[in-house]
Amino acid sequence: MPELPEVETVVRDLRPRVVGRVIRNITTGPRQLRTPWNDAWNDQLLGHRFLAIRRRGKWIIVELDSGSRLLVHLGMTGQLTAMPATEPQPDHLHLIFALDDESELRFRDVRRFGSARLLADEETLQELFTKAKLGPEPFQLDPGYFRTAVHKANRSLKAILLDQRVVAGVGNIYADEACSRAGLHPGRRGVRLTPAEVDRLRDAILEVIAHAIEHRGSTIRDYIGGSGLRGGFQEEFRVYGRTGEPCKTCGSAISRLVIAGRSSHFCPDCQRMNGRGAKSTSRIVKRSPRE
DNA sequence: ACAGGATCCTGGGGGC
DNA sequence: TGCCCCCAGGATCCTG
């Protein structure tokens with residue numbers, strides 16, 4: 001579910017609520033997550049204080065005063081929230097940290113694609129990211145690096161954007177929205193893009209992610225921020241989930257195709273496989289025969 | 001090495 | 001109301 005803007009919103013919401021708090025008690029749910037919770041971690045956490053919370057790609061990192069790092073991934077339906085302990089407990093709760101101000105940090109995940117684990121120190125965390133070859137943050141995306149990364153791939157733009165090794169934090173929604181804003185068909189092969197097109201794509205990624213953060217991310221169904229609030233960027237979607245609805249630029253019906261195994265949305269006239277948009281192409285030509 | 005597909009889960013919505 | 005099928009913000013295996 002959550003991509004960079006949603007994870008960033010969670011972190012910003014949680015920061016004032018958990019930083020400085022001490023863990024008084026830990027409760028685990030009846031069902032295991034993908035990464036099973038190790039009960040030995042409880043002893044390493046109890047009585048310790050949260051020093052900081054930050055994000056890397058779609059990962060949430062909570063720093064403890066012991067130097068250990070709590071690493072959380074929300075998967076598709078994960079929710080990490082902090083609220084008064086008196087708030088009713090929903091189902092599918094997997095972790096509850098009771099804090100020293102009568103509040104609770106809660107991890108809920110219906111589909112259990114998410115994970116939570118404790119790492120010994122910052123070095124262990126960085127090793128994990130290095131081993132996964134986690135790519136740069138979008139706001140640190142060097143144009144030269146990105147041109148090379150896109151151009152050397154004989155796969156679709158959609159697959160490239162979803163690859164966390166190329167750029168960290170982009171998911172299905174913002175891949176589609178970035179392609180839309182760049183006027184590029186998500187099925188275009190990276191190797192066939194011109195440098196100018198790759199630069200356009202990079203600009204579009206930065207723009208859409210910054211814009212989405214301002215709106216507290218997008219809520220399709222499950223996503224809520226660290227305070228329990230929903231996102232608002234779904235109102236700004238140009239293509240995602242708008243199959244059959246008119247393109248906000250040219251009025252053509254938005255198309256949906258499965259690309260790289262994921263549902264992909266685009267305007268068939270503004271985002272053409274041959275690289276030309278509606279303005280520069282005859283209206284009679286509906287689809288490029290190429291690719 | 002690379003690209004594409006299957007797989008892990010649960011629940012909601014649409015069609016019948 | 002019930003059943004069946006499809007769909008969903010992600011990452012990781014396995015295969016060719």
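Lettering of chains follows the sequences in order, A, B, ..., and the numbering in each one begins at 1. As a basis for the values below, the full set of heavy atoms in this structure was taken, side chains included, without hydrogen atoms, waters or symmetry mates.
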Looking at residues at least two apart in the chain, or sitting in another chain, which of them share a side chain to side chain donor-acceptor pair (under 3.5 Å) with A:Arg55? A:Glu8, A:Glu137
For A:Arg106, is there an ion pair with A:Glu87 - N to carboxylate O distance below 4.0 angstrom? no
Would you say A:Ser263 and A:Arg256 are linked by a side-chain donor-acceptor pair, where the criterion is simply a distance under 3.5 Å? yes
Within the 4.0 Å heavy-atom criterion, would you say A:Gly171 contacts the bases, only the backbone, or no part of the nucleic acid? sugar-phosphate
What donor-acceptor contacts under 3.5 angstrom involve side-chain atoms of residues 65-72 of chain A, with partners at least two apart or in another chain?
residue	atom	partner	partner atom	Å
A:Asp65	OD1	A:His48	ND1	2.8
A:Asp65	OD1	A:Arg49	N	3.3
A:Asp65	OD2	A:Arg49	N	3.3
A:Ser66	OG	A:Ser68	N	3.4
A:Ser66	OG	A:Ser68	OG	3.0
A:Arg69	NE	A:Glu122	OE1	2.6
A:Arg69	NH1	A:Gly67	O	2.9
A:Arg69	NH2	A:Glu122	OE1	3.1

Under the side chain to side chain donor-acceptor pair (under 3.5 Å) test, which residues partner A:Arg34, sequence neighbours left out? none
Stretch residues 208-217 of chain A: residues that reach within less than 4.0 Å of DNA chain C through a heavy atom: none
Numerically ordered, the residues 145-170 of chain A set in heavy-atom contact under 4.0 Å with DNA chain B is A:Ala153, A:Asn154, A:Arg155
Near-strand residues of residues 107-136 of chain A, defined as heavy-atom separation under 4.0 angstrom from DNA chain B: A:Val110, A:Arg111, A:Arg112, A:Phe113
Residues 141-169 of chain A vs ring pair (Phe, Tyr, Trp, His ring centres under 6.0 Å), sequence neighbours excluded, gives none
List in chain and number order the residues that pass side chain to side chain donor-acceptor pair (under 3.5 Å) with A:Arg262, two or more places apart in sequence or in another chain; answer none if no residue qualifies. none
Under the ring-ring contact (aromatic ring centres under 6.0 Å, His included) rule, collect the residues that match up with A:Phe107, sequence neighbours excluded. none
Between A:Asp109 and A:Thr77, is any side-chain donor less than 3.5 angstrom from a side-chain acceptor? yes
Nucleotide N/O of nucleotides 12-15 of chain B paired with protein N/O under 3.5 Å:
none

Nucleotide N/O of nucleotides 14-16 of chain C paired with protein N/O under 3.5 Å:
none

Taking atom types as modelled and ignoring hydrogens, do the side chains of A:Tyr174 and A:Glu6 form a donor-acceptor contact shorter than 3.5 angstrom? yes
Report the secondary structure of DNA chain C in dot-bracket form, marking unpaired bases with a dot and bases paired to a different strand with |, and treating Watson-Crick or G-U pairs with both distances under 3.5 Å as paired. .|||||||.|||||||
